[in-house]
Amino acid sequence: MPRRARIEYVSLKSSLVNLPISIYGPLVEHSVRPQGLAVHLSLVSSSRTTTANANANNANEKTEAYVGWTGMTSASSLARFKSSTTSGTGSEGLETVEIDPQFASALGFGLGDVVEIGLIHDLKPATSVGTEPLTSDDWEILELHASYVEQNLLAQVRVACVGQEVDVWVLGRTRVRLRVGTWRFHVCVVRLCFA
């Protein structure tokens, strides 16, 4: 059953998220490994003021994304949980899911947006996924740091969805944006793993 949470920006420098404590607790209790879990985020309501054009786009296209889990709990969710137990009221009543701000923006999520969180445990594993850099700058960065990206991709990206952007940070400083292409499976989302 999906849970709702508010988007909180944290510089994670990866295509992963920190989950609310109410989701994190049961996962840890059942020894669920982050590498085997996909997180489905689906926009419920946006905190941003949008133009009429953006509203028309949102009416036709639902903002959703598949991401990996860091294995950590959302610190902002934990802080909110602690403050609600001491003050007796929860501020805004929602826990938070933490995501890198640049990655969130690329996926269409803004600070304070409310999302539904779904967990997917049984994704088909893929050892090879085609990607393409989004811009000429991304191509140049990738050419310069190809071996670094190749060696560190799985630490920063655990789930791939056809057409979705994934971000990889080179040496924790420079972001390379990649668009996921196709693969030989007849599914939309796969879990990345070693060959």
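Sequence positions, counted from 1, serve as the residue numbers for this chain.
- Ser15 and Asp167 share no side-chain donor-acceptor pair at under 3.5 Å.
- Closest approach of Leu111 and Tyr9 over heavy atoms only: N-OH, 3.1 Å.
- Every residue two or more places apart in sequence or in another chain that forms a side chain to side chain donor-acceptor pair (under 3.5 Å) with Ser42 is listed here: Lys62.
- The two residues Gly112 and Arg6 come nearest to each other via the heavy atoms O-NH1, 3.0 Å.
- Summarising the geometry of Tyr148 relative to Val170, their closest heavy-atom pair is CE2-CA, 3.6 Å, with the distance given to 0.1 Å.
- Nearest heavy-atom pair, Val159 versus Tyr66, reported as atom, atom and distance to 0.1 Å: CG1-CB, 3.8 Å.
- Looking at heavy atoms from C-beta onward, His121 lies in side-chain contact with Leu27 at the 4.5 angstrom threshold.
- Side-chain contact check for Ile7 versus Thr96: every heavy-atom pair is 4.5 Å or farther apart.
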**Message:** Leu142 vs Leu178, test: side-chain contact (heavy atoms from CB on, under 4.5 Å). Steps then yes/no.
**Reply:** CA-CA 10 Å; Leu142 190 57; Leu178 305 168; 4.2 Å; yes
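- Side-chain contact between Leu94 and Val114 is present, with heavy atoms from C-beta onward closer than 4.5 Å.
- Rounding to the nearest 0.5 Å gives a distance of 5.0 Å between CG of Leu16 and CZ of Arg158.
- Here the CG atom belonging to Leu107 is positioned 10.0 Å from the CG atom belonging to Asp100, to the nearest 0.5 angstrom.
- Heavy atoms from other residues, nucleotides or ligands lying under 6.0 Å from CZ of Arg4 number 12 at most.
- The CZ atom of Arg173 sits 11.5 Å away from the CD1 atom of Ile141 when rounded to the nearest 0.5 Å.
- Pro20 and Ala5 get closest at one heavy-atom pair: CG-CB, 4.0 Å.
- Counting heavy atoms from C-beta outward, Asn152 and Val168 have side chains that stay 4.5 Å or more apart.
- The shortest side-chain heavy-atom distance between Tyr24 and Glu95 does not fall under the 4.5 Å cut-off.
- Going from atom CD1 of Ile99 over to atom CG of Leu19 covers 10.5 Å, rounded to the nearest 0.5 Å.
- For the pair Ile117/His40, no side-chain contact is recorded, criterion being any heavy-atom separation below 4.5 Å from C-beta on.
- Checked options Ile21, Val28, Asn18; the residue passing with Thr73 is Ile21 (criterion: side chain to side chain contact (heavy atoms under 4.5 Å, CB included)).
- Minimum interatomic distance between Val180 and Ala160 (heavy atoms only, all atoms of both residues): CG1-CB, 4.1 Å.
- Between Ser22 and Arg3 the shortest side-chain heavy-atom distance falls below 4.5 Å.
- Within the model, atoms CZ of Phe103 and CZ of Arg177 stand 11.5 Å from one another, a figure rounded to the nearest 0.5 Å.
- Rounded to the nearest 0.5 angstrom, Gln156 CD and Leu153 CG are separated by 7.5 Å.
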